[in-house]
Amino acid sequence: MASIPKDLPRSRSFMLRVVGIWGPALKYADEPLRADPEMVLTAVQQRPMALRFAADALKRDRRFVLDAVQVNGFALEYADPKFKLDEEIAVAASRTSPKMQQVLFPTPNDAEEAAR
């Protein structure tokens with residue numbers, strides 16, 4: 001993004017459109033925008049790994065992480081690791097992204113119980 005005007009990464013409307021097309025562009029947004037829940041959820045919806053560029057406070061916020069994994073379960077991979085042990089968040093992640101069951105619940109019995 002070095003070839004674009006310097007003020008564009010500060011523009012909420014511009015960055016919201018950009019992360020809706022390519023979520024990882026969140027890393028180019030100004031810090032206040034990386035702390036904007038709507039901005040980050042839009043980026044996560046496009047590509048869950050975009051959560052790694054979010055403000056640390058959001059990655060540690062339980063309510064926000066729950067919202068993020070309800071958009072895409074793989075976002076849990078980029079949230080604070082403690083949330084992998086949070087049953088509600090783990091189940092929500094495995095529901096929106098069934099392959100997360102293999103990551104979170106390595107044995108078949110654990111995955112079946114989480115799906116209930």
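Both backbone and side-chain heavy atoms feed into the values below; hydrogens, waters and symmetry mates do not.
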Problem - 4.5 Å side-chain heavy-atom contact, Q45 and N72 - result: no
Problem - Closest heavy-atom pair and its distance - R12, M39 - result: O-CE, 3.6 Å
Problem - For the student: nearest non-hydrogen atoms of A50 and V44, plus distance - result: CB-N, 4.3 Å
Fill in the blank from the handout: All heavy atoms of R34 vs all of L58, minimum pair found to be O-CD1, 3.7 Å
Handout entry: Minimum-distance pair of heavy atoms, taken over all atoms of S94 and Q101
Key = CB-CG, 3.3 Å
Problem - E77/R52 salt bridge by N-O under 4.0 Å criterion - result: no
Handout entry: E87 atom CD, neighbour heavy-atom count above 12 within 6.0 Å
Key = no
Practice task
Nearest 0.5 Å please: distance from the OH atom of Y28 over to the CZ atom of F53.
Solution key: 8.0 Å
Problem - I21 vs Q46 side-chain heavy atoms within contact, under 4.5 Å - result: no
Problem - Cationic N near anionic O, under 4.0 Å, D67 to R63 - result: yes
Practice task
State whether K59 and D80 are salt-bridged, where the test is any N-O pair (Lys NZ or Arg NE/NH1/NH2 against Asp/Glu carboxylate O) under 4.0 Å.
Solution key: no
Problem - Test item: P32 and R10 side chains (from C-beta on) under 4.5 Å apart, heavy atoms - result: no
Problem - Heavy-atom closest contact (V18 atom, A25 atom, distance) - result: CG1-CB, 3.4 Å
Problem - Heavy-atom side-chain proximity of V71 to T96 below 4.5 angstrom - result: no
Fill in the blank from the handout: Shortest non-hydrogen pair, A75 vs L51, comes out as O-CD2, 3.3 Å
Handout entry: Full working for side chain to side chain contact (heavy atoms under 4.5 Å, CB included) between F74 and K99
Key = CA-CA 9 Å; F74 283 102; K99 288 187 178 187; 3.7 Å; yes
Handout entry: Heavy-atom side-chain contact between F64 and V40 under 4.5 Å
Key = yes
Practice task
Could you tell me whether the side chain of T42 reaches within less than 4.5 Å of the side chain of L16, counting heavy atoms only?
Solution key: yes
Problem - Stepwise side chain to side chain contact (heavy atoms under 4.5 Å, CB included) check, R95 with M100 - result: CA-CA 8 Å; R95 284 191 177 138; M100 279 300 290; over 6 Å; no
Fill in the blank from the handout: In this structure, CZ of R60 is separated from NZ of K82 (nearest 0.5 Å) by 8.0 Å
